[in-house]
Protein chains: 2
Amino acid sequence: MNNNYELYKVFYWAAKTGSLTKAANNLYLTQPSVSHAIKQLEERFGIALFYRNSKGVTLTQEGAMLYSYIEQSQILITLAEEKMAALKNLDSGELRIGGSDSLFKHYLLPYLEDFHHNHPGIRLHLNHGTTPEIITFLKEGRIDLGVVRMPIHDSQLQVRESIKLQDCFVTGARYAELKGAILSLDKLLQYPVILFSRNSRARMAITELFQNYGYTLKPEIEVGSVELLIEFARKGLGISYVTREFVAKELEEGSLFEIQLDVQLPPTHVGIMTMRNMPLSRAASSFIELVR
Amino acid sequence: MNNNYELYKVFYWAAKTGSLTKAANNLYLTQPSVSHAIKQLEERFGIALFYRNSKGVTLTQEGAMLYSYIEQSQILITLAEEKMAALKNLDSGELRIGGSDSLFKHYLLPYLEDFHHNHPGIRLHLNHGTTPEIITFLKEGRIDLGVVRMPIHDSQLQVRESIKLQDCFVTGARYAELKGAILSLDKLLQYPVILFSRNSRARMAITELFQNYGYTLKPEIEVGSVELLIEFARKGLGISYVTREFVAKELEEGSLFEIQLDVQLPPTHVGIMTMRNMPLSRAASSFIELVR
DNA sequence: GAGGAGCTATAGACCATATCTATGAATAAT
DNA sequence: ATTATTCATAGATATGGTCTATAGCTCCTC
C-alpha cells in the first residue's frame with residue numbers, strides 16, 4: 001500500500017503524550033520504531049511535524065493542523081472498536097424476528113424473555129405476518145430470522161427444525177357428550193367447526209387431510225386469532241382446530257377437552273428460517289442457539 | 001502492531017464500492033489481498049462484516065455499524081492529507097513574523113507583497129516589538145521568525161545575515177550650510193540632534209560610538225518612529241540619525257541630504273532569526289528563501 | 001565540571017506478513 | 001452450454017516494520 005494509515009496511530013499517540021517514548025509504551029513498540037514512523041510521516045508530507053528536544057516532542061504548526069484531523073479520526077476508530085466489542089458480547093445490537101402472533105405468544109415468548117433478560121442491550125423487533133410474508137421479509141433483509149411452521153421448501157433458505165407441534169380438535173362443556181368418544185371424520189363434520197383464517201398453514205393442512213379422505217371441511221366460524229379459537233370453543237360455539245401445545249392450560253384446567261379421532265392427524269414442526277449462505281448476526285445466532 | 005488500522009481503509013473501500021474487486025482497484029491492490037484483509041478484520045472482531053455473493057458484497061448489520069464510524073474516520077484522514085498537501089504547496093497556512101515597524105515598512109514590505117501575491121492562502125501575522133520582545137516571541141513560539149538588526153548573540157537562535165544597512169545623519173534645507181561639509185563629531189553636537197527612542201538598537205549603537213570618542217550624545221528631540229525622524233529633519237527641527245536606505249526617496253528628491261562625518265559610522269546588518277534546532281514551517285522557510 | 005538520567009536519532013539485522021500469482025468455486029448472464 | 005463475473009484459497013516472495021545496540025543531545029545534580 002502506498003501510504004500507511006498505521007502511521008497516523010503512531011502520530012496520534014506521539015502528539016497526545018508529547019513523547020515518542022511514551023507513545024511507544026502505549027503502542028507496545030520500542031522508541032526507535034516510533035521515531036522511525038514519525039520520520040516516515042514527515043518525509044511523506046515533506047513537512048516537519050514535531051519539534052524534538054531532550055524533554056520530548058511538541059507539535060509544529062503543521063503538526064498541530066494534522067493532529068486536529070487525526071485526533072478525531074482516531075477517536076472514531078476507538079469508538080468503532082468498542083462498538084464491535086459490544087456487538088460481539090451481545091451488549092448491543094438488534095434482533096429482528098418474523099413469525100405468526102400465535103407462535104410468538106405460545107412458543108417464543110419464554111425464549112424472548114430469557115434473551116432480553118440476558119442481553120438487555122439488544123433491541124428486539126418482532127414482525128408478524130403470514131409465512132410467505134415472513135419469507136419475503138427475510139429475503140429483503142428486513143428480519144434476521146423467521147419462525148414458521150414446516151415444511152418450507154426454498155433453496156435460498158436454511159431451515160432448522162424446532163419443536164414438534166400437534167394440532168387437534170378441542171371443544172368445551174357444551175359438547176361434553178364427545179368426551180372420551182372416538183369420532184370419525186364424517187361424524188365430526190356434523191358439528192360446527194371453527195377454523196383459523198383461510199390462508200394459514202394449519203388450516204390448509206387440515207383441509208387437505210379431509211379432502212384426502214373424501215370429505216369437505218367447511219368451517220361454521222372462521223376467526224383471525226388463536227385466542228378466539230380457544231374462546232369460541234370454550235363458550236360452546238363449536239369445535240376448534242388448534243395446536244394442542246397452545247391450549248395446554250385449558251386442557252389442564254378442563255375448560256377444553258380434546259376430541260379423539262379415528263385417524264391420526266399429522267404433526268407439524270416449527271422451523272427457524274434464515275437466509276442460506278448469509279452470515280447470521282451475533283444476536284441472531286445466539287438466539288437460535290437458545291431456542292434449540 | 002497488534003491491530004492494523006490499514007485494514008479499515010480496505011474495509012472502507014469495500015463497503016463504499018460494494019465490491020472487493022473495485023476496492024482493490026481503488027487501492028492499487030489485487031482482489032485476493034482485499035479478500036484477505038476483510039477476512040482478517042472479520043476474524044479479529046469475530047463478526048461477519050459482509051454478505052458475499054456473485055455480484056459483490058453488501059454490509060451485514062454489524063458491518064454497517066462499523067462503517068458508520070469508519071466512514072467518518074476515513075473522510076477525516078482524507079481531509080487531513082489534503083490539508084497537508086495544501087500546507088506543503090503553500091496554498092494554506094500562516095506565517096508569523098516579528099520585527100520593528102520600520103523594518104516592516106522599509107525593508108520587508110516588498111517581500112511581503114510578493115509572498116502574499118504568490119501564496120494568497122497563507123495568512124500573514126506581523127508582530128512589531130523591540131528586539132528583546134521579538135526574541136521572547138520567538139522562544140514562546142508565537143512567531144516563526146524575527147527580523148531585527150544584528151548582532152544577535154543567543155545560542156538558542158539561528159541568525160541569517162541579510163541586507164547591510166548604513167545609518168547616517170541627515171537634515172533638511174534649514175541646515176543647508178552643512179551640505180558638502182565634512183563634520184567632526186563635536187561639531188555635529190553643536191546642532192540639535194533627533195534620535196529614535198532610547199531602547200532602540202540603532203540609538204544604543206550610535207550613543208556608544210560617541211562615547212568611545214569621548215563625547216556624550218544627548219538628543220534635542222526623541223521620537224518614536226522613523227517617519228517622525230524624517231519629518232522633523234525635513235521641517236528643519238534638527239539633524240536626524242536614520243538608516244540611509246530608509247530615506248532613499250528623500251535623499252533622491254533632495255528634501256534631505258546626508259551629513260558627511262570625519263569618522264566612519266558602523267554599518268549594521270539585518271538578521272533573520274529563527275529558533276535553532278527547530279524545524280521551520282514551510283511558509284517560513286519559503287519566505288526566508290525569498291528574502292535572501 | 002563530571003556524571004547520571006532523561007530524551008530522540010541512527011545503523012544494521014531479522015523475520016513477520018502484506019502482497020502477489022495462479023487457481024478454484026459459485027453464480028449470473030448470454 | 002458457455003462465458004464472464006464474483007469472491008476464496010494456497011503457496012511463494014520480498015517488502016518493510018520492528019528489534020537491539022549505540023550515539024548524541026540537554027538538563028539536572030553533586
Side-chain angles (χ1 to χ4, degrees), chain A residues 1-44 47-60 63 139 154-158 275-279, chain B residues 1-44 48-60 63 139 141 154-158 275-279:
Chain A
M1 298 185 183
N2 47 352
N3 73 345
N4 196 330
Y5 281 27
E6 202 66 12
L7 298 178
Y8 293 129
K9 182 162 63 172
V10 180
F11 169 75
Y12 171 68
W13 281 99
K16 188 177 175 176
T17 61
S19 155
L20 302 194
T21 306
K22 284 181 190 155
N25 292 335
N26 276 292
L27 293 163
Y28 304 102
L29 294 173
T30 59
Q31 172 268 318
S33 292
V34 172
S35 183
H36 185 233
I38 298 299
K39 194 178 179 186
Q40 265 191 82
L41 257 195
E42 291 183 321
E43 283 174 359
R44 199 155 286 173
I47 292 180
L49 299 173
F50 288 102
Y51 301 122
R52 279 89 159 160
N53 58 46
S54 61
K55 287 176 178 170
V57 295
T58 49
L59 287 167
T60 62
K139 291 187 179 172
D154 189 317
S155 61
Q156 288 185 61
L157 301 181
Q158 179 181 354
M275 292 298 285
R276 186 183 300 281
N277 298 332
M278 284 213 181
Chain B
M1 298 186 187
N2 47 352
N3 75 346
N4 195 329
Y5 282 30
E6 202 66 13
L7 299 178
Y8 293 128
K9 181 163 64 173
V10 180
F11 169 75
Y12 171 69
W13 282 100
K16 187 177 176 175
T17 61
S19 155
L20 302 195
T21 307
K22 284 181 190 153
N25 292 335
N26 277 291
L27 293 164
Y28 304 102
L29 294 175
T30 58
Q31 172 268 317
S33 292
V34 173
S35 184
H36 184 235
I38 298 299
K39 195 179 179 188
Q40 266 191 79
L41 258 193
E42 291 183 320
E43 283 174 359
R44 200 154 285 174
L49 298 173
F50 288 104
Y51 301 122
R52 279 88 160 162
N53 59 45
S54 60
K55 287 175 176 169
V57 295
T58 50
L59 287 166
T60 61
K139 292 187 179 173
D154 189 315
S155 62
Q156 287 186 59
L157 302 180
Q158 179 181 355
M275 291 298 286
R276 185 183 299 281
N277 297 332
M278 286 217 180

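Residue numbers start from 1 in every chain, and the chains themselves are labelled A, B, ... in the order their sequence lines are given, proteins ahead of strands.
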Subject >> d(CG, B/Asn25; P, D/dT5) in whole Å >> reply: 13 Å
Original post:
Between D/dT6 and B/Arg52, is there an OP1 or OP2 to side-chain N/O distance shorter than 4.0 Å?
Top reply: no
Original post:
For B/Thr30 and C/dC20, is the shortest distance between a side-chain N/O and OP1 or OP2 below 4.0 Å?
Top reply: yes
**OP:** Round to a whole Å and report the spacing from OH of A/Tyr28 to C1' of C/dA16.
**Re:** 20 Å
**OP:** Rounded to the nearest 0.5 Å, what's the gap from CD on A/Glu6 to NZ on B/Lys9? Could you check?
**Re:** 11.0 Å
Original post:
Using a cut-off of less than 4.0 Å, is there contact between a side-chain N or O of A/Lys39 and OP1 or OP2 of C/dT8?
Top reply: no
**OP:** For B/Thr21, answer base if it contacts any base atom (sugar-phosphate contacts may also be present), sugar-phosphate if it contacts only those atoms, and nothing otherwise; contact means non-hydrogen atoms under 4.0 Å.
**Re:** sugar-phosphate
Original post:
Taking the nucleotide of DNA chain C with the closest heavy atom to each, which residue, A/His36 or A/Lys22, is nearer the 5' end?
Top reply: A/Lys22
Subject >> Any B/Ser33 side-chain nitrogen or oxygen under 4.0 Å from OP1 or OP2 of C/dC20 >> reply: yes
Subject >> Protein-nucleotide distance (B/Glu43, atom CD; C/dT17, atom P), rounded to Å >> reply: 13 Å
**OP:** Please tell me which of the listed nucleotides, C/dT8, C/dT27, D/dC25, lies nearest to the side chain of A/Ser54?
**Re:** D/dC25
Original post:
Are the charged groups of A/Lys39 and A/Glu42 less than 4.0 angstrom apart, N to O?
Top reply: no
Subject >> Pairwise 5' ranking along DNA chain D for B/Pro32 and A/Gln31, keeping only the more 5' one >> reply: B/Pro32
Original post:
Counting heavy atoms not belonging to A/Lys139, are there more than 12 under 6.0 Å from its NZ?
Top reply: yes
Original post:
Is any side-chain nitrogen or oxygen of B/Ser35 closer than 4.0 Å to OP1 or OP2 of D/dA8?
Top reply: yes
